[in-house]
*Asks:* 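Below: one structure in structure tokens.
Counting starts at 1 for both ligands and their atoms, in listed order. All residue numbers in this chain count up from 1 along the given sequence.
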Amino acid sequence: MGDQQAMTGPHPLDTAAARRVVERADTEGVELVRFLYADHGGVIRGKATSRPRLAERLHTGIGHTVAMMAMNMLDELQDVESLGPVGEVRLVPDPATFVHLPYAPGAAAMLADLRQVDGSAWPVCPRTFLREAVAALAAEGHALVAAYEPEFTLGRREPAPAGGLDRLVPADDSLCYSSVGFNQLHDYTMTLIRALESQGLRPEHYHPELGHGQHELSIRHAPALRAADNHVVYRETVRGVAARMSMWASLAPKPLADQAGNGAHLHLSLWDPGLRANAFGDPSDRYGMSATAYHFIGGLVAHLPALTALTCGSVNSFRRLTPRSWSSAYACYGMDNREAAVRICSPTGRDAAASANLELKPSDSSANPYLSLGAVIHAGLDGLRRGLDPGDPVDVDPATLPAGRVRRLPASLDEALDALEADDVLMDALGPLRASAYLAVKRSEARSFAAQDAAYEMFHHFRVF
Ligand code: GLU
Ligand code: MG
């Protein structure tokens with residue numbers, strides 16, 4: 001079934017894939033299957049079906065209240081028109097995403113779309129948003145390939161000595177890239193790698209990061225929808241494996257105020273629809289990048305302030321995006337510039353043109369990956385359509401340039417949301433219902449955390465992400 005049908009017609013279930021899922025559940029002793037989705041707060045939620053009901057639920061989905069897309073990350077329900085107590089959607093799983101959960105014996109999971117009761121697409125579904133962005137890009141002759149490079153903090157969740165909110169106590173105090181760090185967390189790392197591999201993810205590189213308890217493990221690139229699905233599986237697995245080992249892992253952007261933040265840098269390249277040729281590569285250019293790549297960069301840089309409202313979706317995100325923390329704080333691009341929001345990466349493969357890619361640094365794991373990646377595609381696409389010129393690259397730390405030379409990224413979630421509301425391209429792409437729900441949820445988070453202190457913000461973000 002084509003994407004077009006998937007978006008507009010009734011639920012186009014791949015019956016052969018559904019049959020294979022039921023067979024696997026039977027032979028692998030699965031008793032419970034989680035149907036997971038990511039909400040407007042960036043939280044991964046779901047409902048599970050028992051195995052005897054699986055075959056039917058693959059077709060019908062599981063009923064769910066529309067209101068959950070008006071829920072924020074503190075479980076505070078927002079007033080959003082048509083997302084209240086009346087109304088129903090279905091969590092309809094994609095059989096291609098079935099994974100047996102290595103950290104939850106007896107359980108499996110699939111990523112789900114939110115569909116209307118008659119099976120047609122629901123205009124609020126985040127996975128549908130990404131699918132539609134992929135289709136819009138395909139109409140221009142391109143496919144996006146993406147890879148996340150996530151960081152996370154591993155530790156223990158402990159009661160604060162004087163009572164109050166729990167604290168995250170990091171599991172190591174090793175130095176950046178240090179061999180001591182490799183050894184200290186070896187058992188966890190090996191368990192995590194095996195758990196990811198058993199679910200079809202392909203770990204690429206691993207190292208102990210700068211922050212205490214901070215580690216980075218990147219996953220091989222994949223077409224956009226699969227990359228976003230993979231990132232949900234990754235988030236679940238990092239935390240699930242830690243819980244099984246009596247630890248607490250957090251992918252929150254800044255779980256510890258005095259330690260480096262956790263990014264989920266996003267690597268991007270455009271290909272032809274058959275994924276044979278990288279449209280970003282051009283060996284004749286000084287940085288090896290094609291005109292297409294520069295237009296895409298132009299789109300990203302132009303929309304960056306608004307984009308951060310979706311790629312760095314939490315209040316805590318903006319504690320990470322500060323100058324001189326290698327997370328990026330300026331809307332600029334540069335060749336191998338780790339303080340620029342968009343880095344042109346020097347080629348790593350034997351075939352330089354095939355490995356051409358961009359790295360978006362203002363991206364973290366508190367974002368809804370479907371909204372985030374979909375918005376990145378729309379921003380880039382706008383650059384392609386308008387032939388945007390990104391201007392000159394920045395080849396120094398932008399913090400050292402005279403004030404005003406490069407635009408600062410938004411310094412708070414509210415500032416980013418203001419930019420989003422002023423960005424017609426992204427607002428049109430989101431559509432009125434999704435946009436109003438997203439803004440209501442995120443504005444409410446900004447309000448709730450503004451009324452509390454930093455410890456409260458840290459606690460709620462390491463608890464949820
Ligand atoms: N921890 C940094 C961030 O928040 C990234 C460090 C690096 O991998 O360069 O994005
Ligand atoms: Mg890193």
*Asks:* Could you tell me whether Phe462 and Phe465 have their ring centroids closer than 6.0 angstrom?
*Replies:*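 No: the rings miss the under 6.0 Å criterion.
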
*Asks:* I'd like to know if Arg156 and Asp166 make a salt bridge, using a cut-off of under 4.0 Å between side-chain N and carboxylate O.
*Replies:*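 Salt bridge flag = no for Asp166 with Arg156.
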
*Asks:* Is the shortest side-chain heavy-atom distance between Thr97 and Arg127 below 4.5 Å?
*Replies:*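 With C-beta onward as the side chain, the pair touches.
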
*Asks:* At less than 2.8 Å, would any N/O/S atom of Glu209, backbone or side chain, sit next to the Mg ion (ligand 2)?
*Replies:*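 Glu209 does place an N, O or S atom closer than 2.8 Å to the Mg ion (ligand 2).
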
*Asks:* Once you round to the nearest 0.5 Å, how far does CH2 of Trp122 lie from CZ of Arg434?
*Replies:*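 With rounding to 0.5 Å, CH2 (Trp122) is 9.5 Å from CZ (Arg434).
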
*Asks:* For the Mg ion (ligand 2), what is the closest N, O or S atom on Glu151?
*Replies:*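 Restricting Glu151 to its N, O and S atoms, the minimum distance to the Mg ion (ligand 2) goes to OE2.
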
*Asks:* Which atom, among the N/O/S set of Glu216, is closest to the Mg ion (ligand 2)?
*Replies:*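 Minimum-distance N/O/S atom of Glu216 relative to the Mg ion (ligand 2) is OE1.
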
*Asks:* Is there a donor-acceptor pair closer than 3.5 Å between any side-chain N or O of Arg408 and the backbone N or O of Ala329?
*Replies:*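 Yes, Arg408 side chain to Ala329 backbone: donor-acceptor pair under 3.5 Å.
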
*Asks:* Any Lys/Arg nitrogen of Arg194 or Glu197 sitting under 4.0 Å from an Asp/Glu carboxylate oxygen of the other?
*Replies:*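 Salt bridge between Arg194 and Glu197, a charged N being under 4.0 Å from a carboxylate O: no.
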
*Asks:* Report every pair formed by an N or O atom of ligand 1 and a protein N or O atom separated by less than 3.5 Å, giving atom names and the distance to 0.1 Å.
*Replies:*
unit_1: ligand 1; atom_1: 1 (N); unit_2: Glu151; atom_2: OE1; d: 2.9
unit_1: ligand 1; atom_1: 1 (N); unit_2: Glu151; atom_2: OE2; d: 3.3
unit_1: ligand 1; atom_1: 1 (N); unit_2: Gly261; atom_2: O; d: 2.9
unit_1: ligand 1; atom_1: 4 (O); unit_2: Gly261; atom_2: O; d: 3.3
unit_1: ligand 1; atom_1: 4 (O); unit_2: Arg320; atom_2: NE; d: 2.7
unit_1: ligand 1; atom_1: 8 (O); unit_2: Glu151; atom_2: OE2; d: 3.2
unit_1: ligand 1; atom_1: 8 (O); unit_2: Glu209; atom_2: OE2; d: 3.2
unit_1: ligand 1; atom_1: 10 (O); unit_2: His265; atom_2: NE2; d: 2.7
unit_1: ligand 1; atom_1: 10 (O); unit_2: Arg320; atom_2: NE; d: 3.3
unit_1: ligand 1; atom_1: 10 (O); unit_2: Arg320; atom_2: NH2; d: 2.7

*Asks:* Using a strict threshold of under 4.0 Å (side-chain N to carboxylate O), is an ion pair present between Glu445 and Arg447?
*Replies:*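 Salt bridge between Arg447 and Glu445, a charged N being under 4.0 Å from a carboxylate O: no.
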
